[in-house]
**Q** 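Provided herewith is a single structure, encoded as structure tokens, for subsequent inquiry.
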Amino acid sequence: QANKIDGGTPLYKACEKDHVRSVKALLAADGIDVNRANIDGSTPLSIACQNDNIRSVRLLLAKEGIRVNQATHDDATTNYSSDGRYVAEPCPFQSVTPLRIAAQYGRLDVVRVLVEQDGIDLDKPGKSNKKVSFESPLQVARRFGHEAIVKVLLAAGAKDDEAVDDASTAAEETNEVRGKREEIIE
């Protein structure tokens with residue numbers, strides 16, 4: 001039964017706290033929806049990744065039907081005030097996958113496990129707060145200085161946006177120099 005306030009299921013709550021025995025028991029139960037999201041779209045996998053609960057992450061990934069790229073809602077409007085009351089305002093995580101969450105929080109072991117999953121989207125961008133635009137897992141890992149995660153993502157084949165930006169900048173600088181040279185010649 002989902003919590004009436006936030007929609008969190010018992011599996012979500014067990015993964016949030018890394019209660020491994022409970023996670024195992026719930027995953028073994030008939031009819032369990034391993035991908036059932038709470039009200040803002042956060043799944044048991046995403047909360048386990050956020051909290052660095054690698055044991056729960058491994059158990060979830062072993063479950064048939066797990067959606068490793070399931071993102072939080074892009075229009076999520078749930079948050080909680082400091083006193084725990086529900087407040088309808090934009091959620092800090094919008095369109096964020098479990099990999100993007102793990103990269104942001106510096107969860108190296110979780111990232112290592114996730115990049116090995118078939119079908120993982122290494123480049124799906126998401127937004128994590130009002131001041132940050134949509135960023136890929138690689139971009140957010142760079143922003144927060146998680147160099148080991150950057151290396152893991154690049155080794156797994158993540159698109160290197162910095163290299164693309166460097167190439168674009170070099171091309172722009174080359175064109176700018178050409179333009180100035182042509183002006184001088186004229």
Side-chain angles (χ1 to χ4, degrees), residues 1-81 84-129 134-138 140-141 149 152-153 156-158:
Q1 186 79 23
N3 179 307
K4 291 179 181 172
I5 296 172
D6 66 6
T9 64
L11 179 59
Y12 180 94
K13 299 298 184 185
C15 290
E16 180 178 35
K17 301 294 183 188
D18 205 25
H19 291 187
V20 175
R21 287 177 47 200
S22 297
V23 172
K24 285 180 181 178
L26 289 163
L27 289 174
D30 287 337
I32 192 77
D33 182 356
V34 70
N35 299 303
R36 172 117 184 236
N38 69 8
I39 200 165
D40 69 1
S42 183
T43 64
L45 181 59
S46 58
I47 194 63
C49 291
Q50 179 177 329
N51 292 348
D52 204 20
N53 295 337
I54 191 69
R55 298 176 304 172
S56 291
V57 169
R58 289 181 191 279
L59 290 169
L60 290 165
L61 292 173
K63 182 73 172 170
E64 187 174 329
I66 187 77
R67 293 193 295 262
V68 295
N69 296 313
Q70 185 171 336
T72 57
H73 301 314
D74 60 358
D75 61 350
T77 58
T78 60
N79 258 329
Y80 294 90
S81 63
R85 290 181 298 116
Y86 170 75
V87 180
E89 59 183 46
C91 178
F93 290 118
Q94 297 177 335
S95 299
V96 178
T97 64
L99 179 59
R100 169 65 171 63
I101 291 170
Q104 176 175 333
Y105 281 92
R107 309 308 192 204
L108 180 59
D109 290 336
V110 171
V111 170
R112 285 183 176 140
V113 170
L114 288 173
V115 300
E116 297 297 323
Q117 298 305 302
D118 288 337
I120 191 77
D121 185 344
L122 298 171
D123 302 309
K124 182 168 177 34
K127 183 175 181 175
S128 54
N129 67 48
F134 280 79
E135 293 178 319
S136 70
L138 181 61
V140 79
I149 290 175
V152 169
L153 291 168

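Everything numeric in this text was worked out from a predicted model, so none of it was measured.
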**Q** Mind checking what makes side chain to side chain contact (heavy atoms under 4.5 Å, CB included) contact with Lys24, not counting sequence neighbours?
**A**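 Side chain to side chain contact (heavy atoms under 4.5 Å, CB included) list for Lys24, sorted by chain: Val20, Leu59.
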**Q** Using 0.5 Å steps for rounding, measure from the CG atom of Asp121 to the CZ atom of Arg100.
**A**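 Reported to 0.5 Å precision, the distance equals 12.5 Å.
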**Q** Which atom names give the shortest non-hydrogen contact between Ala102 and Val111, and what distance separates them?
**A**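 Where Ala102 meets Val111 most closely, the heavy atoms are CB-CG2, 3.7 Å.
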**Q** If a pair satisfies salt bridge (Lys or Arg N to Asp or Glu O under 4.0 Å) and one of its residues is in residues 47-63, list it, with sequence neighbours excluded.
**A**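 Qualifying pairs, neighbours excluded: Asp18-Arg55.
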**Q** Decide yes or no on side chain to side chain contact (heavy atoms under 4.5 Å, CB included) for Leu99 and Leu153, but give the supporting numbers first.
**A** CA-CA 10 Å; Leu99 179 59; Leu153 291 168; 4.1 Å; yes
**Q** Would you name the heavy atoms of Ala37 and Thr43 that are closest together and state the gap between them?
**A**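 Nearest pair, atom of Ala37 first, then Thr43: CB-CG2, 4.1 Å.
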**Q** Go through the structure and list residues passing side chain to side chain contact (heavy atoms under 4.5 Å, CB included) with Asn35, not counting sequence neighbours.
**A**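 Side chain to side chain contact (heavy atoms under 4.5 Å, CB included) list for Asn35, sorted by chain: Asp33, Ile66, Arg67, Gln70.
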**Q** Considering the options Pro44, Ser46, Pro137, which one meets the side-chain contact (heavy atoms from CB on, under 4.5 Å) requirement together with Pro98?
**A**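 Exactly one candidate clears the test, Ser46.
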**Q** With no hydrogens and no angle check, is any side-chain donor or acceptor of Arg107 less than 3.5 Å from a backbone partner on Gln50?
**A**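 Checking the backbone N and O of Gln50 against the side chain of Arg107, a donor-acceptor pair under 3.5 Å is found.
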**Q** Going through the distances and angles, do Leu138 and Leu122 end up as a side chain to side chain contact (heavy atoms under 4.5 Å, CB included)?
**A** CA-CA 8 Å; Leu138 181 61; Leu122 298 171; over 6 Å; no
**Q** Could you report the tightest heavy-atom contact between Ala14 and Leu26, atom names first, then the distance?
**A**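 Where Ala14 meets Leu26 most closely, the heavy atoms are CB-CD1, 4.1 Å.
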**Q** What are the two closest non-hydrogen atoms of Asn69 and Gly119, and how far apart are they?
**A**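 Heavy atoms only, the tightest pair is ND2-O, 2.7 Å.
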**Q** Testing Leu45, Val23, Leu27 for side-chain contact (heavy atoms from CB on, under 4.5 Å) with Cys15, which one passes?
**A**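 Between Cys15 and the candidates, side-chain contact (heavy atoms from CB on, under 4.5 Å) is satisfied uniquely by Val23.
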**Q** Can you tell me how far the CG atom of Asp118 sits from the CD1 atom of Ile120, to the nearest 0.5 Å?
**A**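 Answer for the CG-CD1 pair, Asp118 versus Ile120, is 10.0 Å.
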**Q** Which heavy atom of Val34 sits nearest a heavy atom of Leu11, and at what distance?
**A**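 Nearest heavy atoms, Val34 then Leu11: CA-CD2, 4.0 Å.
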**Q** Could you state the interatomic distance from CD (Glu16) to OG (Ser56), rounded to the nearest 0.5 Å?
**A**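 One finds 10.5 Å between CD of Glu16 and OG of Ser56.
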**Q** To the nearest 0.5 angstrom, please state how far the CG atom of Asn53 sits from the CG atom of Leu60.
**A**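 Taking CG in Asn53 and CG in Leu60, the distance rounds to 10.0 Å.
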**Q** Examine distances only and state if a side-chain atom of Arg36 and a backbone atom of Tyr12 form a donor-acceptor pair shorter than 3.5 Å.
**A**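 Not at all, since once roles are kept as given, no pair shorter than 3.5 Å links the two residues.
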**Q** To the nearest 0.5 Å, what is the distance between SG on Cys49 and CG on Asp109?
**A**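 It comes to 11.5 Å.
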**Q** Could you give the distance from OG1 (Thr72) to CD1 (Ile101), rounded to the nearest 0.5 Å?
**A**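 Thr72 atom OG1 to Ile101 atom CD1 measures 6.0 Å (nearest 0.5 Å).
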**Q** Looking at Ser136 and Asp123, what are the two nearest heavy atoms and their distance?
**A**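 Minimum heavy-atom contact is CB-O, 3.6 Å.
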